[in-house]
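First comes the structure, then the notes that go with it.
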Number of protein chains: 2
Amino acid sequence: MSTGEKIALKDLCDSIRMEIVSRNFPPGMKLSEQILCSRWNVSRTPIREALRHLESEGFISSSKHKGFVVTSISMHDVEQIYTIMINLDSLAARLATPFIARDAKKLERLRALCEEMQGLCGMKDIEGYMRKNLEFHSIIFRASENRWIIKILENLHSHTNRFILKALYIPRRMDESVQEHFEVLRCIEKGDERGVEKAIAVHFSRSLGDLKNEIELSAPLRTKEMD
Amino acid sequence: MSTGEKIALKDLCDSIRMEIVSRNFPPGMKLSEQILCSRWNVSRTPIREALRHLESEGFISSSKHKGFVVTSISMHDVEQIYTIMINLDSLAARLATPFIARDAKKLERLRALCEEMQGLCGMKDIEGYMRKNLEFHSIIFRASENRWIIKILENLHSHTNRFILKALYIPRRMDESVQEHFEVLRCIEKGDERGVEKAIAVHFSRSLGDLKNEIELSAPLRTKEMD
DNA sequence: TTTGCATGAATTGTATACGAATACTTACTC
DNA sequence: GAGTAAGTATTCGTATACAATTCATGCAAA
């Protein structure tokens, strides 16, 4: 790969972030500058600039003379993040409702996603489900037209996606979750801003609750800290 | 200045950020790397890394081959940010309440700040007032013990402080504001989490409302976009 | 005067070079 | 064999060098 034109800094940043979010670069992994250089065929300067960017986004941490390391994300972090998302995603959804309600394309896409999630849920395709789920919520918060919220939520959702574990399959929860998405969609279609706000808050609260239960149950497997 | 030991990257970053927040580096200002280099006696490499960090925090923007520019912050941005703070600061305050309620030192400091604000308000010292105000709210949200909220709010408060204009003196609003701070403090002392949450939300809502009015009134002076 | 272009100066983007700190290897002692 | 110390190798932090692009200036022509 990459034997031709030069990669832009932003793309470099996105590439590395993707590796981290996909757990291809797992928590705790040392990010050697040299290896990254040869991986993307650039010198250390742009690599370090990209790493500084990701550092400020919280995906990696650095210590002097020891270099960069992928941060780990614990259940404790996930709880803290969900606590924020319960509030912010619902706020964003409320703001977004009037914009989406009169946007046939977005409504159609949201409905398609709901149905696709229902299908994937039946097929037990967690990975696919998570992708659709992320797109569903992204469409909503991006429609809030509040660039500050959008930036924050993009970051937070990326971080939760680092934790969410393909392995963790909870059939009951997934069915519930699908229904909650449909409920959100119904409220949006009605233009019921407060209804959407509430539905999203409930959705994230339940997701967090079930996540905590599940982790609790699988505690012998892995404890509080993931990696 | 700076004729001795080498400055740490983090401090460099903080220094530049301070220049921006204090409007010493005003919105739209071109940040020439050379000038920054000679200002802090370092080479371009650490300067650029610091700038990348600040870019991801939203204080500057860059475009290829044109370099870095201090971002401008408009009333529209401030409205968007306040919309978030109304929710997030109140959430943080609710979380923080039980921790502060049993922390005599913090309670004492908060009370002192309230009284100092009252004094500064009488003396019409807006700059001093703003500083105390920021410390008051920072103590609260930092006590939330949610590191994700803390990071977000530190960033948002910094940005609003770029906008808030020393020139804008609103006696009535400042008196009101002082009372609202006392109300927040009373709720914290009682350990009334929901009361704190509500009080903070009301406080930020009113601040935003008055800010909008004031901007509206002084519209001939400066319109929507500040700088 | 204004428009257009050409040339050079200045600035940025990236690569490389070098000093400093850390990690690793090896060899030696016990 | 375990532990340790010295010396080597690697990696990082920063400075500098070079390439690519933009910006400014000046001059010529309309």
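Naming convention: chains lettered A, B, ... in sequence-line order (proteins, then strands); numbering from 1 in each chain. Only a predicted model underlies this, so the values are computations on that prediction, with no experimental measurement involved.
Between Asp14(B) and Lys10(B) there is a salt bridge, since a side-chain N of the basic residue sits under 4.0 Å from a carboxylate O of the acidic one. Glu116(A) has no carboxylate O lying under 4.0 Å from a charged side-chain N of Arg111(A), or vice versa, which leaves the two without a salt bridge. Salt-bridge formation is not detected for the pair Glu135(A)/Lys132(A): no Lys NZ or Arg NE/NH1/NH2 atom is positioned less than 4.0 Å from an Asp or Glu carboxylate oxygen. Using a cut-off of 4.0 Å between Lys/Arg side-chain N and Asp/Glu carboxylate O, Glu214(B) and Arg173(B) are scored as not salt-bridged.
What separates CG of Leu36(B) from C1' of dT11(C) is a distance of 13 Å, to the nearest Å. In this structure, CD1 of Ile35(B) is placed 14 Å from C1' of dT12(C), rounded to the nearest angstrom. Rounded to whole angstrom, the span from the CD1 atom of Ile47(B) across to the P atom of dG13(D) amounts to 16 Å. Rounded to whole Å, the distance from NZ on Lys6(A) to P on dA20(D) is 8 Å. In this structure, CH2 of Trp40(A) is placed 17 Å from C1' of dT14(C), rounded to the nearest angstrom.
Residues of residues 7-15 of chain B that place a heavy atom closer than 4.0 Å to DNA chain D do not occur.
Taking the centre of each ring, His181(B) and His203(B) come in below the 6.0 Å mark.
Residues Arg147(B) and Asp77(A) form a side-chain contact, since some pair of their non-hydrogen atoms from C-beta on lies under 4.5 Å apart.
In summary, the side chains of His137(B) and His157(B) do not present any donor paired with an acceptor at a separation below 3.5 Å, with no hydrogens or angles considered.
Side-chain nitrogen and oxygen atoms of Ser43(A) include at least one within less than 4.0 Å of the OP1 or OP2 phosphate oxygen of dA15(C).
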I'd like to compare against my own output: the B/S/- annotation of nucleotides 6-12 of chain D with a strict under-4.0 Å heavy-atom distance to protein. -----SB

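In this structure Glu79(B) satisfies the side-chain hydrogen bond (donor to acceptor under 3.5 Å, both in side chains) test with no other residue, sequence neighbours excluded.
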